[in-house]
Structure formats: structure tokens, C-alpha cells
Amino acid sequence: MSYELTTGAIEQIMTGEAVVKPVLQVLGSKMIAGSGGADRYRLLLSDGKYSHSSAMLATQLNNLVINGEMETFTVIQLEKYICNTIQPGRRVMILLEVTIIASGATVGKKIGNPQQFKAGQTSNEQAQSENKPVVQQPVQNSRTPLSSNMNNGPATPHRGLSSGMKVSQNAPNTPGGTPGKVHPISSLTPYQNRWCIKARVTNKSAVRTWSNSRGEGKLFNMTLLDDSGEIRATAFKNEVDKFYDMIEINKVYFIRKATLKTADKRYSSINNDYEMTFNQETEMIPSDDDKSLPSLSYNFIPINELEKHDSGSVIDVIGVVKHVADLSSVIGRQSNKEVKKRDVQLVDENKVLVRLTLWGNDAETFDGSSNPVLVVKGCRLSDWGGRTLSALASSQISINPDIPEAHRLRGWYDTAGHSADYSEFRSDGQGPSGSGFSTNWKSFADIKGMAVSENKAEYFTTKGTIIFLRKENCMYQACPQPDCNKKVIDQSNGFFRCEKCAKEYPNYKWRLILSANLADYSDNQWVTCFQDTAEAILGKSGEELGQLRDQDENAFDRIFTEATFKSYVFKMRAKVEPYNDEARLKTICMSATPVNFVDYSKKLITDIEAMLAA
DNA sequence: CCCCCCCC
């Protein structure tokens with residue numbers, strides 16, 4: 001098998017031309033030790049004609065080298081890169097995203113007979129000597145909305161790079177700096193440090209304080225927008241004092257000398273791969289309002305496309321409120337506090353319905369009569385029951401906003417949408433979702449590989465078999481009060497003391513807490529079964545088991561033997577919890593239902609069909 | 001350097 005490289009790409013890139021997704025071969029890599037674990041890798045790349053060693057791997061891709069996926073002779077495709085001029089005639093490529101086309105072992109040899117590329121060996125080298133990054137097309141594409149059909153309104157400022165890259169307005173002279181050119185937000189990367197943007201502040205959070213094992217402090221976030229894109233910025237401590245009061249939502253500022261880093265999509269819906277952190281050097285200077293700067297930016301995900309996005313990510317959504325549930329409340333598992341909630345159903349033209357949960361004040365004050373158009377900027381996407389949405393404290397919620405998308409949805413709903421049929425998300429391919437039948441099929445291996453985030457429980461369903469039940473300590477003497485299951489202390493005088501009720505009782509009840517090792521097709525897992533599930537698995541009540549243990553040990557043992565190697569559909573709750581300074585996956589079995597083989601076979605057939613279609 | 005956002 002031979003692999004074709006993009007011959008001539010290195011020369012083109014090094015002379016400032018944008019080459020879209022070139023295919024190159026790795027001929028070597030070298031670690032450049034950095035401070036504080038910030039090692040970088042420099043690569044020798046070849047296009048078959050020329051080789052060049054001025055290519056740096058973005059640090060988030062370091063693992064590719066560490067794992068050996070970039071060994072010598074590997075053929076790669078550059079999905080995203082930028083090329084910066086360090087000094088006239090000296091360019092450095094930074095690889096931001098690569099696809100491995102073929103491993104070094106598979107290729108096994110150097111392709112072609114590449115010569116070392118030297119700056120200045122071509123005629124157009126002088127054309128590009130400005131210190132301005134040349135960004136190749138796919139970088140720009142990555143910023144265009146995923147939902148183009150819903151993003152063409154004037155309120156969404158995602159223009160092409162050519163207009164975004166215009167360098168027309170000068171930043172002001174400041175005591176601390178020299179005049180500079182205004183850069184588009186979309187061109188900012190962690191790999192350049194001399195830039196100035198002119199942006200409108202479209203959102204500004206309250207000041208928040210934190211305190212954790214790494215320290216404490218205060219911070220606030222803001223969103224900055226220009227006609228090329230948007231970026232999230234965070235200011236901490238001193239910078240909060242310095243900037244918080246002077247920053248006003250909707251005003252325009254020149255900003256420079258902040259730190260750029262890779263954005264974490266779990267925490268924001270801002271359409272940018274990077275985010276900004278203010279530092280002691282950062283300058284933010286008010287400007288006259290520039291009416292050419294847009295004032296709103298949404299990256300709406302159509303409801304039927306929510307499945308294409310990662311569970312846990314933060315997204316923007318727009319829909320008509322088809323149904324509003326009554327206000328209700330739940331007890332937070334973590335906080336143990338009561339929280340108000342309200343579920344609404346959102347629909348759009350694609351005829352898919354999704355549940356959105358509003359919390360706290362948003363839930364209490366929400367008026368969904370008259371089927372308003374609801375816009376939520378920054379709500380969390382979850383895969384509970386297929387796909388559901390949950391508003392966050394940071395979500396910006398707007399009812400019937402004056403934007404084109406909202407007007408279009410209004411017209412559509414009033415004419416057709418109100419009487420249309422909608423499909424709902426479901427993760428199991430069977431049974432109506434939203435009717436307490438929600439299922440999130442995942443294997444034990446899936447869950448272990450997901451690195452379930454702390455504080456957030458993952459609910460999932462798997463078909464598995466009991467392979468071991470621990471008889472020891474599977475039950476305890478509990479407080480006889482109906483709602484108190486606290487363990488009692490035997491006073492050895494015929495009374496049992498409950499510390500929670502601060503009372504002594506002449507009796508107790510048996511409660512089960514059964515450790516079980518379950519196996520599914522992928523892996524096995526120790527799980528905890530409390531009263532109801534333990535009774536279901538053992539086929540005996542806690543009281544019966546308690547008596548049996550004291551009266552007939554053989555019969556007691558037999559119950560465990562007989563319960564072992566039976567299969568069930570298990571509903572589980574998995575969560576990473578700290579345990580002696582280490583994070584452990586704690587899994588609780590919520591229910592164990594005998595396998596309905598007709599239903600389960602149907603599910604398997606659906607899964608197989610989906611695999612074949614993919 | 002935050003990043004919790006709750007329930008099934």
C-alpha cells in the first residue's frame with residue numbers, strides 16, 4: 001500500500017499560502033522541555049518533496065507523541081494548523097488538530113526523497129513578512145455554526161475570515177503600549193502574544209468566590225464579541241478589582257495582553273476553541289460604541305441535532321414552549337436542599353420534542369402560557385432519556401426575544417406547529433420516553449471509560465449477571481421508625497439505640513445492604529444494592545433473611561447460591577466519589593428487573609441495525 | 001486559579 005502526500009505543501013505553507021488539510025509524513029520528533037510540565041514537541045515533517053522541522057505540536061496533542069502514535073514514518077493529515085512568522089523569513093507551523101492516516105509501522109519507510117526546505121529558497125518568500133498569522137480555511141470553518149439553517153439571521157455574526165481578518169482600525173495609544181492593529185477575535189490563539197481586539201461585552205457575570213483545596217479567590221466571566229466571533233474571558237482577584245466596575249454590558253472596549261488557553265466546552269457555549277484569562281498586564285480600554293459591532297450571538301443547535309453533541313456540553317437552544325409542567329421540587333442529592341424545578345417541552349420545525357428543566361427562580365417565575373418562544377443561551381445537554389436539557393445559573397433565558405429565528409418559529413408554530421406530531425428522544429429504541437421508561441443503555445466498560453465527572457451521577461442501564469454476592473455484612477439492625485433506617489446500637493439490655501432519633505427502642509428491623517459483583521458483556525463491577533433491590537435479587541424480605549440467618553444457616557447460604565448467576569436488566573447510578581484521597585467509582589444498583597427476552601432481543605436487533613447503518 | 005447547577 002502506498003500513501004500519497006500533498007507534494008509541495010510544505011513550500012506553500014512556509015511561504016504563507018493556505019493549504020487545506022495537507023497529508024504529510026512524520027520523519028521525527030523531538031521533545032523541547034518546558035517549565036512546569038509544559039513540554040512541547042517539534043516535528044520533522046515531509047511532503048515527499050521537502051522536509052521541514054519548524055512544526056510544533058499544540059500541547060493538547062502531546063499524547064500523540066507520548067503514546068507513540070506519531071512515530072517516525074506516520075502519515076498524518078493536518079486538519080487544523082496555523083503558521084506564525086517569528087521573525088521575517090522564519091515561520092513556525094503549529095499543529096492544532098491532526099488525523100493519523102497510517103501508523104509508522106504500517107508505512108515503514110520514508111516516502112519520496114524529501115530535501116530540507118530552507119527559507120528564502122522561493123521567490124515569494126518576501127510577500128508574507130508581517131507578524132500576522134495565516135490561518136488556513138478549516139480553522140475558519142470550525143467557527144461557522146453547526147446549524148447553518150438557523151444561523152443566517154443578522155443577529156449571528158459568523159462571517160468569513162476574509163472580512164474578519166480586515167485590519168483597518170487602530171487601537172489607541174496607551175501609556176503602557178504602542179499603537180497596534182485591531183485583530184479579529186477569531187484569529188486569537190495561544191500561540192501569538194501581540195494582539196489587540198475591539199469587542200462588545202455581551203455578557204458579564206456576577207463576582208463569584210470560591211474556596212477549595214487549591215486555594216480561594218474571586219472571579220467573574222464575560223463574553224466578548226466582534227464581527228468575527230466571540231470569546232469568553234475570565235478575570236480573577238486583582239483583575240476583578242481592577243476591571244469589574246468599569247465593564248458594562250453592551251459597551252465596546254479595546255483589550256490586549258490577556259492569556260489565551262484552550263476552552264473547555266463543558267462549561268460554556270461560547271463558540272470559540274479558546275478562552276481568555278486576564279492577567280496583571282491586561283489592558284481594557286473603553287471605546288466609542290462602534291455600531292458595526294454586533295450585539296448578540298447565538299449558536300443554536302436544532303433540537304433534532306442534539307444527539308450529535310456531547311452529553312455534558314453547554315449549548316444554545318431555541319424552541320416554542322409546547323407544554324409546561326407544574327412547579328415541583330426535588331431534594332438535591334449533593335446539597336440535601338430542596339430545589340424548585342419546572343419541566344417544559346420545547347419544539348422546533350424539525351418536529352422533535354425535548355425536555356428542558358428550569359431551576360429555582362427561573363422555574364418559579366416562568367410563565368409558559370401562550371406557548372412563547374424560549375431562547376436559552378448556555379444550557380446543559382444531558383443524555384438522560386436520550387437527550388434532555390437543563391438550565392444553569394449562568395444560562396441567559398429570553399422569552400419571545402426580538403430575533404429573526406424567534407419570529408420565524410412563532411409564525412411556523414401558529415400556522416402548523418401547534419397541531420404537528422413530535423417525536424421524542426429515547427436512548428433505548430423502545431417504549432415511550434418521558435413516561436418513566438427512560439433508559440440509557442451503557443456497559444460497565446463504557447462507564448469506566450467515561451471518567452464520570454465528580455459530583456455528577458451517571459444513570460445507566462445494562463443487562464448483566466450476578467457473579468458473586470457477599471453474605472458478610474449484608475444486613476444490619478436498623479431503627480424501627482418507618483422513615484429512619486439508621487443503624488441501631490445494641491445496648492445489651494434488650495434495647496437498641498438510634499443516634500439519629502436519639503431514642504432507645506425494644507425492637508429493630510433488618511435492612512439490607514448487599515455488595516454484589518455484576519458482569520455484563522464488557523466488564524464486571526462491584527455494586528451496592530439497598531433494601532428493595534437486594535430483596536428482589538435474593539427473593540426474600542429483609543425480615544425473613546434476618547431470621548433465617550439466626551435459625552438456619554444452611555438455608556441462608558442457599559439463598560445466596562441460588563441468586564447467583566441470574567441475569568437481570570439493571571438500572572444503575574454511578575458516581576465518582578472521593579475515598580481516602582482517591583477518586584473511586586461508586587455504583588449503586590437502583591433496580592434489578594428480570595430480563596424480558598422479547599423486549600431485549602428487539603433492542604439488540606435495533607442496535608445491530610444501527611451498527612449496520614453506520 | 002472557576003467550572004456547583006441539583007430529580008428521575
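Each chain gets a letter, A, B and so on, in the order its sequence line appears, and its residues count up from 1.
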Q: Should the ring pair A:Phe300 and A:Tyr298 be called parallel, tilted or perpendicular, given that the plane angle runs from 0 to 90° and is split at 30 and 60?
A: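 Geometry flag for A:Tyr298 against A:Phe300: parallel rings.
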Q: What is the distance from CG of A:Asn221 to P of B:dC4, rounded to the nearest Å?
A: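 The answer, rounded to whole Å, is 13 Å.
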Q: Is there a stack between A:Trp210 and B:dC2, judged by ring centres under 5.5 Å and planes under 30°?
A: no
Q: Taking the side chain of A:Thr234 as its heavy atoms from C-beta onward, which of B:dC7, B:dC2, B:dC6 lies nearest to it?
A: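 Of the options given, the side chain of A:Thr234 lies nearest B:dC2.
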Q: Just how far, in rounded Å, is P of B:dC2 from NZ of A:Lys265?
A: 19 Å
Q: Looking at A:Lys341, I'd like to know whether one of its side-chain N or O atoms comes within less than 4.0 Å of OP1 or OP2 on B:dC5.
A: no
Q: Check this for me: does the side-chain of A:Arg380 come within 3.5 Å of the base of B:dC3 through a donor and an acceptor?
A: no
Q: Under the 5.5 Å and 30° test, is A:Trp359 stacked on the base of B:dC5?
A: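 Not stacked by the 5.5 Å and 30° rule.
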Q: What pairs of residues pass the salt bridge (Lys or Arg N to Asp or Glu O under 4.0 Å) test when at least one of them lies in residues 358-380 of chain A, not counting sequence neighbours?
A: A:Glu230-A:Lys377, A:Asp316-A:Lys377
Q: So, does A:Tyr267 get its side chain near the phosphate of B:dC4, meaning an N or O under 4.0 Å from OP1 or OP2?
A: yes
Q: When we call it a touch if two heavy atoms are under 4.0 Å apart, what does A:Glu239 touch: a base, just sugar-phosphate, or nothing?
A: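 Since no nucleic acid heavy atom lies under 4.0 Å of A:Glu239, the category is nothing.
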Q: Round to a whole Å and report the spacing from CG of A:Leu392 to C1' of B:dC2.
A: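 The answer, rounded to whole Å, is 14 Å.
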Q: B:dC7, B:dC6, B:dC3: which one has an atom nearest the side-chain heavy atoms of A:Arg232?
A: B:dC3
Q: Specify the separation, in whole Å, of atom NZ of A:Lys261 and atom C1' of B:dC3.
A: 9 Å
Q: Report yes if a donor N or O on one partner sits less than 3.5 Å from an acceptor N or O on the other, where the partners are the side chain of A:Glu216 and the base of B:dC2; otherwise report no.
A: no
Q: Rounded to whole Å, how long is the line connecting atom CE of A:Met222 with atom P of B:dC2?
A: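 Atom-to-atom, A:Met222 to B:dC2, this comes out as 16 Å.
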Q: Would you classify A:Arg573 as touching base, sugar-phosphate or nothing, given that sugar-phosphate means primed atoms plus P, OP1 and OP2, and contacts are heavy atoms under 4.0 Å?
A: nothing
Q: Under 4.0 Å between a Lys/Arg side-chain N and an Asp/Glu carboxylate O for A:Glu275 and A:Arg232?
A: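 Salt bridge: yes.
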Q: For A:Trp384 and B:dC8, are the ring centres under 5.5 Å apart with planes inclined under 30°?
A: yes
Q: Could you give the CZ-to-P distance, from A:Arg266 to B:dC5, as a whole number of Å?
A: 11 Å
Q: Base, sugar-phosphate, or nothing for A:Lys340, non-hydrogen atoms under 4.0 angstrom?
A: nothing
Q: With respect to the phosphate group of B:dC6, does any side-chain polar atom (N or O) of A:Ser390 fall under 4.0 Å of OP1 or OP2?
A: yes
Q: Please determine whether any donor N or O and acceptor N or O are separated by less than 3.5 Å between the side chain of A:Lys237 and the base of B:dC1.
A: yes
Q: Flag this pair as yes if the NZ/CZ of A:Lys603 is under 6.0 angstrom from the six-membered ring centre of A:Trp441 and inside a 45 degree cone about the axis; otherwise no.
A: yes
Q: Test A:Ile318 against every option in A:Ile303, A:Val373, A:Ile301 by the side-chain contact (heavy atoms from CB on, under 4.5 Å) rule and name the one that passes.
A: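 Output: one option passes, namely A:Val373.
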Q: Looking across every strand, which nucleic acid part, if any, lies under 4.0 Å from A:Arg214 by heavy atom: base, sugar-phosphate, or nothing?
A: sugar-phosphate
Q: Distance check needed: B:dC5 P versus A:Ile315 CD1, whole Å only.
A: 17 Å
Q: Report the residues that fulfil side-chain hydrogen bond (donor to acceptor under 3.5 Å, both in side chains) with A:Glu338, sequence neighbours left out, ordered by chain and then residue number.
A: A:Ser329
Q: How long is the line joining CE of A:Met276 and P of B:dC1, in whole Å?
A: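 Whole-Å distance recorded here is 16 Å.
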Q: Heavy atoms from C-beta onward define the side chain here; which of B:dC7, B:dC6, B:dC4 lies closest to that of A:Arg208?
A: B:dC4
